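What you see is a predicted model; the values in this text were computed from it and never measured. Position 1 is the first residue of the sequence, and the numbers go up from there.
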Amino acid sequence: MLKSLFGLLANPRPEPADSDDVELALAALLVRLARSDGLYEESEQAHIDRLLIARNGIGPFEATALRRRAEALEDEAADTVRFTRALKDGIAHDDRMSVIEALWEVAMADGARGAEEDSLIRLAANLLGINDRDSALARQRVIARLDD
């Protein structure tokens, strides 16, 4: 699967991604966001795992394995564009809002939202075709869920 996603990320005109590649690209984007402030805390890793469990209907061991593959992929990827391209090619526009919400959840998982995280979410939203207003609404939904 990693080989196929690396091929997808390296190819300027990739074939449509399969669902495993899309979820790996999402996991790698979540890892990149969690690492963007220079700290990659257990709370962020646990939150990524919970998101992967909820999105994919997998168990905790599979989620951790997926996150670890995503960490390796994120280490190798030169830029964020490759992850967002795989996501944009692999999921419908309406479903991309859930990606933005997932990013906001990870950004807020450690209790502190940093400028680096805001900047990366803004870039990812733009590359996914989500405007600033819709991203802000996604952030507000996440905050409301966290306050409950």
message: Which residue in the set Arg69, Arg68, Arg67 passes salt bridge (Lys or Arg N to Asp or Glu O under 4.0 Å) when paired with Glu71?
response: Arg67
- prompt: Could you walk me through whether Asn131 and Asn126 pass the side-chain contact (heavy atoms from CB on, under 4.5 Å) check?
  reply: CA-CA 6 Å; Asn131 63 43; Asn126 182 39; over 6 Å; no
query: If every non-hydrogen atom of Lys88 is compared with every non-hydrogen atom of Leu128, which pair is closest and at what distance?
result: N-CD2, 3.9 Å
Pairing of Arg35 and Glu44 as salt bridge, 4.0 angstrom limit: no
message: Looking at every non-hydrogen atom in both residues, tell me the closest pair between Ala70 and Val31 and how far apart they are.
response: CB-CG2, 4.2 Å
- line: When rounded to the nearest 0.5 Å, the distance separating CG of Asp49 from CG of Leu66 is 8.5 Å
message: Looking only at side-chain N and O atoms, does His93 offer a donor or acceptor that is under 3.5 Å from a partner on Arg96?
response: no
query: Just how far is it from atom CZ of Arg50 to atom CZ of Arg55, taken to the nearest 0.5 Å?
result: 16.0 Å
- prompt: Are Leu137 and Ile100 connected in the hydrophobic side-chain network, where two residues link if heavy atoms are under 4.5 Å apart?
  reply: no
- prompt: If you measure from CG on Leu87 to CD on Glu23, what distance do you get to the nearest 0.5 Å?
  reply: 8.0 Å
- request: Spell out, yes or no, whether Trp104 and Leu123 are grouped together once hydrophobic residues are joined by side-chain heavy atoms under 4.5 Å, including indirect joins.
  value: yes
- request: For Met97 and Ala138, work out which heavy atoms get closest and say how close.
  value: CE-CB, 3.8 Å
query: Side chain of Arg32, backbone of Asp79: donor and acceptor closer than 3.5 Å?
result: yes
message: Could you measure the distance from the CG atom of Leu33 to the OG1 atom of Thr80? Nearest 0.5 Å is fine.
response: 9.5 Å
query: Do the charged groups of Arg145 and Glu101 touch, with an N to O distance under 4.0 Å?
result: yes
- prompt: Same cluster or not: are Leu127 and Ile121 linked, directly or through other Ile, Leu, Val, Met, Phe, Trp or Tyr residues, by side-chain heavy atoms under 4.5 angstrom apart?
  reply: yes
Atom of Ile48, atom of Ala34 and distance for their closest heavy-atom approach: CD1-CB, 4.1 Å
- line: CG (Asp118) and CZ (Arg113) are apart, to the nearest 0.5 Å, by 4.0 Å
query: What pair of heavy atoms forms the shortest contact from Leu103 to Ala124, and how long is it?
result: CD1-CB, 3.9 Å
field: Hphob cluster co-occupancy, Met108 + Leu30, side-chain heavy atoms under 4.5 angstrom
entry: yes
field: Rounded distance (nearest 0.5 Å) linking atom CD of Glu62 with atom CG of Asn56
entry: 10.0 Å
Asp95 vs Val99, side-chain contact (heavy atoms from CB on, under 4.5 Å): CA-CA, chis, key distance, verdict: CA-CA 7 Å; Asp95 295 333; Val99 171; over 6 Å; no
message: With clusters defined by side-chain heavy atoms of hydrophobic residues (ILVMFWY) lying less than 4.5 Å apart, directly or transitively, does Leu73 cluster with Tyr40?
response: yes
task: Return yes when atom CZ of Arg122 has more than 12 non-hydrogen atoms of other residues, nucleotides or ligands closer than 6.0 Å, and no otherwise.
output: no
task: Over all heavy atoms of both residues, which pair between Ala63 and Ile53 is shortest? Give the atoms and the distance, please.
output: CB-CG1, 3.5 Å
